[in-house]
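Before any comments, here is the structure.
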Amino acid sequence: MATKLAALIVLAAFLAGPAASEAASICFNGWLKLPTYNPVLCRPRPDVQTRQRRPAPSGSGLTSGYYNTRCPSAEKIVTDAVKKAVDANPGIGAGLIRLFFHDCFVRGCDGSVLLNTTNSKNSDTEREGPPNQNSLRGFEVVDEAKAAIEAACPDTVSCADIVAYAARDASYFLSDRKINIQMPGGRYDGRESFSNETDQLPGPFSNLTALQGSFAAKGLTSDEMVTLSGAHTIGRARCLFFSSRFSEMDSALAAKLRAQCGNDNNNVNQDDVTPDVLDKQYYQNVVDKKVLFTSDAVLNSTETITQVTENANMAGAWERKFEKAMETMGKIGVKTIGNQQGAEIRKVCWRVNS
């Protein structure tokens, strides 16, 4: 689009939040709440509206232990970098899981979310889109792992695989080693990235229909949507994404959040009970009206409440489902052949090879 999305985001952030009326337009697939309809930001995505599920991602070409002979130290290098980061700040681990999700939902799991310079010389990349601008975390962990891997095995390990392994390892450490994702490798890196394509990501203002449609467009089921939403048990959220729904929350939590949200750009813990642990607490929070986003609260509906209560009450059930759902998500739209759709193994994760 001619006008950079970043300028529109500033306007949207100013207009969003409690000042927006109940009749506000929910735009950019649930990321923006505007008092009036904006034809650039509010046009609906047909694939989300239809809720027609695409075939499940096959991940053809991906294999477990892909680098065992190609670069034997690769996965350990990623694991060590993630552990160091999570030990210093658990929030970075939450950021790495989110980075993986935001990569896979736009152009597939191809590392396009990392780029700030592309093959077409575009600088208005996914990092500048409404879901990502000034909010994604973990880039430095990916860059550190990539530099060490390049020193050991040049031109061998993709940035897309590093993102996937980092999300796997962050899940492991943040769950107190209770979540073990069998993450295959073999992805190649894409060479393009565009901010306007981030409207494929479901946002905090999304209703249940939009959530199901967004996941179906990637070949994921409604149950996988509920399962992956559980990642909101860690990390932090900007007040502007939920400050309009204090009246719908548990009153004690709402009072606490009002005190923390003097500024809509303030950040708070997404899970007030176990904020630094990747666990099933999120689902009890859904039942107790102690979640932040509209997209969380709508899971307490007739269509999804059975999965929510099972996840909340059955020990180990959600963890096993999360392992499988993360593995499946990691197969979305993968590139597994060099030069396929411009695929490559980047030397540096934030720019394409020259």
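Positions are given from 1 along the sequence. None of these values were measured; they are calculated from a predicted model.
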Extract all donor-acceptor atom pairs below 3.5 Å that involve side chains of residues 56-66 and protein atoms in other chains or at least two apart in sequence.
from  : atom 1 : to    : atom 2 : distance (Å)
Ser58 : OG     : Ser60 : N      : 3.3

Side-chain contact, heavy-atom cut-off 4.5 Å: Val157 with Tyr67? yes
Just grab all the ring-ring contact (aromatic ring centres under 6.0 Å, His included) pairs involving residues 231-272, residues at least two apart or on different chains. Trp31-Phe241, His232-Phe293
Residue among Arg187, Lys335, Arg191 satisfying salt bridge (Lys or Arg N to Asp or Glu O under 4.0 Å) with Glu344: Arg191
Verdict with supporting geometry, Asn29 and Ser214, side-chain hydrogen bond (donor to acceptor under 3.5 Å, both in side chains): CA-CA 8 Å; Asn29 201 18; Ser214 295; 3.0 Å; yes
Could you pull out all residues at least two apart from Arg245 that satisfy salt bridge (Lys or Arg N to Asp or Glu O under 4.0 Å)? Glu248
Decide yes or no for Asp276 and Leu174: does some side-chain heavy atom of the first lie under 4.5 Å from some side-chain heavy atom of the second? no
Would you mind listing every ring-ring contact (aromatic ring centres under 6.0 Å, His included) that reaches into residues 103-147, with sequence neighbours excluded? Phe101-Phe105, Phe105-Phe215
Taking Arg107 first and then Glu197, would you say they form a salt bridge - that is, a charged N and a carboxylate O separated by under 4.0 Å? yes
Just jot down the salt bridge (Lys or Arg N to Asp or Glu O under 4.0 Å) partners of Asp87, sequence neighbours excluded, or say none. Lys83
Where do Gln307 and Val226 come nearest, in terms of heavy atoms and distance? CB-CG1, 4.0 Å
Of Arg236, Arg238, Arg98, His102, the residue whose pairing with Ser135 passes side-chain hydrogen bond (donor to acceptor under 3.5 Å, both in side chains): Arg98
Minimum heavy-atom separation for Met329 to Leu228, with atom names? SD-CD1, 4.0 Å
Please, which pairs that meet salt bridge (Lys or Arg N to Asp or Glu O under 4.0 Å) have at least one residue in residues 209-218, sequence neighbours excluded? none
